[in-house]
Amino acid sequence: MKIDLRSDTVTKPSKKMLDAMYLAPVGDDVFEEDPTVIELENTSANIFGKEAGIFCPSGTMTNQIAIRLHTQPGSEVICDKLSHIYNYEGGGIALNSLSSVKLLEGDGGRFTADDVLKSIQPDDIHAPITSLVSIENTSNKGGGCCYDLKEIEKIAAVCKDKNLPLHLDGARIFNALIAKNERGTEHGKHLDTISICLSKGLGAPIGSVLLGSKEHIHKARRIRKVLGGGMRQVGGIAAAGLYALKNNVDRLVEDHNRAKQLANVLKTCSFVKGLLPVETNILVFDLNDDIKQEDFLQKLKKLDILAVGFGHQRIRFVTHLDFEDSQMDKLTRVLKEY
Ligand SMILES: *Cc1c(COP(=O)(O)O)cnc(C)c1O
C-alpha cells in the first residue's frame, strides 16, 4: 500500500472526473470560445463575488499574472517571507515584473494591517514604489494556517486608504473556507485579485483560475498570452476543475480531520521535537536532533510512505482525497512503532 503525502497535488482524477472531462464541450479558448472554460471561469468568479476569471495552467502563472498586472518596473510587492510568490516561483517577481519584494516577518506566513502600514514606502526617489500587497491563505510554509477574516478586512482597509491593490494567493483558499466555515464572497469583497488552484486539495489534474474585475481579467488575457499560457480546446481539463468545484470542496473537512488525527499521533512520538498547529490539511513537524531528516524520509520511503523535507529537520505531510482510512491506519502504526 503506497502512501504519498508529499503534497495534495499528487491525486489522480477519479473515474467520474474523467467522465466529465471526456464529455465536455470544447472550443478555442484564445478566441474565448470554449464553453467549458467559460463556465469554469464564471463559476469560480461567482463563488468569490468577482466579475470575471481567467483559466491558467498553474497557480504560479495566475500569481505571476496578477503581480505583473498590478506592478510596473521598479515596484515593490509587500508579502510575507514565507510566501510562495517569493520562495517558490523561481524569482518570477524580478523576472516577469522587474520588481522587488518587501518581506514581512509574519506569524506563520500571516501579517497584520499594521505590518502593511509600516512597510509602505514613502514617496521618495530613493525608494521602490510600493505597488501591491499579497497575502497567502492558507499559508503553505506556515503549516496550512488560515488568516482571520477580520485581519483581511483591516489589511484591505489599509490598502484602500493607500490606493494599493490586494492580491490573494489562494492556492488553498477552499481549505481555509471549510476550516473557518466562511463564504468565498466574504473574502472576495476585500480582494482585488484572487488566484485559486484546482489541482491541490480539490483533486483536478491541472489548472488555476485568476479572479478579479472585468478590467483586470481583460488585461490578464494579454499577459497570459505573453507568458505562453494561451490555450486552445482546453474544455476537457476545465471540466475537471468544474467537477472539483462541485464535488470536492465540502469533503476537504475529511482531509482536515485526518491531519488533526495524525497530529495527535505525532505529538506522542519521541522523534518529534515540535509541531506547528494543524488547522487544515498540512502538517509540519520538526525532528529531534538525534535523528537525521534524510534517514527519516528514507526509512518511510522503504515502507512506501512518501513525505518531503521542508527546511532544516522539518518534515511536511499533506493530506488529500487519495489518502484514505486504510492508509491512515498504516501510517499511524508506522509512526507509533518508529
Ligand atoms: C502550489 C501553490 C501555488 C501554485 O503552484 P503551481 O504548482 O504553480 O500550481 C501557489 N501558491 C501556493 C501557496 C501553493 O501552495
Side-chain angles (χ1 to χ4, degrees), residues 4-11 13 40 44 53-68 77 79-93 95-97 101 103-104 106 108-111 132-147 152 166-177 179 187 191 193-211 220 223-224 227-229 231 234 237-238 240-241 244-245 252 255 259 276 279-284 307-308 310-311 314 316-321:
D4 193 346
L5 298 181
R6 288 173 300 168
S7 176
D8 44 7
T9 57
V10 300
T11 57
L40 172 65
S44 311
I54 180 169
F55 184 46
C56 292
S58 71
T60 299
M61 189 181 279
T62 42
N63 280 333
Q64 290 298 318
I65 290 173
I67 292 163
R68 177 83 158 258
V77 177
C79 60
D80 193 272
K81 70 171 199 265
L82 299 185
S83 63
H84 193 279
I85 59 166
Y86 171 66
N87 289 289
Y88 298 124
E89 299 188 7
I93 298 175
L95 206 55
N96 297 318
S97 298
V101 286
L103 296 179
L104 303 188
R110 299 160 301 184
F111 49 78
L132 174 65
V133 178
S134 182
I135 60 174
E136 185 175 311
N137 195 20
T138 69
S139 165
N140 178 3
K141 245 175 139 47
C145 59
C146 308
Y147 258 96
I152 296 178
L166 179 58
H167 173 69
L168 166 69
D169 177 353
R172 295 190 181 82
I173 183 63
F174 290 100
N175 294 90
L177 296 179
H187 286 245
L191 304 160
T193 48
I194 304 171
S195 159
I196 64 166
C197 282
L198 304 162
S199 60
K200 297 273 166 86
L202 300 193
I206 177 173
S208 284
V209 188
L210 180 67
L211 309 170
I223 303 169
R224 184 185 67 172
L227 295 177
M231 303 181 287
V234 282
I237 60 174
L245 285 176
L252 290 171
D255 301 342
L276 294 187
E279 291 185 44
T280 56
N281 68 329
I282 300 179
L283 279 132
V284 171
V308 291
F310 214 46
R314 193 158 262 213
R316 186 184 76 168
F317 287 166
V318 188
T319 60
H320 52 72
L321 88 177

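For ligands, and for the atoms within them, numbers begin at 1 and follow the listed sequence.
- Annotation for ligand 1: atoms under 4.0 Å from non-hydrogen atoms of Glu136 are 13 (C).
- By the criterion of a heavy-atom distance under 4.0 Å, the side chain of Asn63, and not its backbone, is placed next to ligand 1.
- Within ligand 1, counting atoms from 1 as listed, the ones closer than 4.0 Å to a heavy atom of Ser58 are 8 (O), 9 (O).
- For the pair His167/Asn63, a side-chain contact is recorded, criterion being any heavy-atom separation below 4.5 Å from C-beta on.
- When the options Glu89, Lys200, Gln64 are ranked by their closest heavy atom to atom 14 (C) of ligand 1, first place goes to Lys200.
- For atom 8 (O) of ligand 1, the closest non-hydrogen atom on the protein side is Thr60 OG1, 2.6 Å.
- Gly108 and Cys145 get closest at one heavy-atom pair: O-SG, 3.1 Å.
- For atom 9 (O) of ligand 1, the nearest protein heavy atom (residue, atom name, distance) is Gly59 N, 2.8 Å.
- For the side-chain contact (heavy atoms from CB on, under 4.5 Å) with Asn96, the qualifying choice from Leu227, Ile223, Ile65 is Leu227, the only one to do so.
- By the salt bridge (Lys or Arg N to Asp or Glu O under 4.0 Å) test, Asp80 pairs with no residue at all, sequence neighbours left out.
- Closest to atom 11 (N) of ligand 1, if we only count protein heavy atoms, is Asp169 OD2, 2.6 Å.
- Below 30°, between 30° and 60°, or above 60°: for Phe310 and Tyr88 the angle between ring planes is below 30°, a parallel geometry.
- For the side-chain contact (heavy atoms from CB on, under 4.5 Å) with Glu136, the qualifying choice from Asp169, Leu82, Ile173 is Asp169, the only one to do so.
- For ligand 1, the polar-atom distance check against Arg172 finds a nitrogen or oxygen pair separated by under 3.5 Å.
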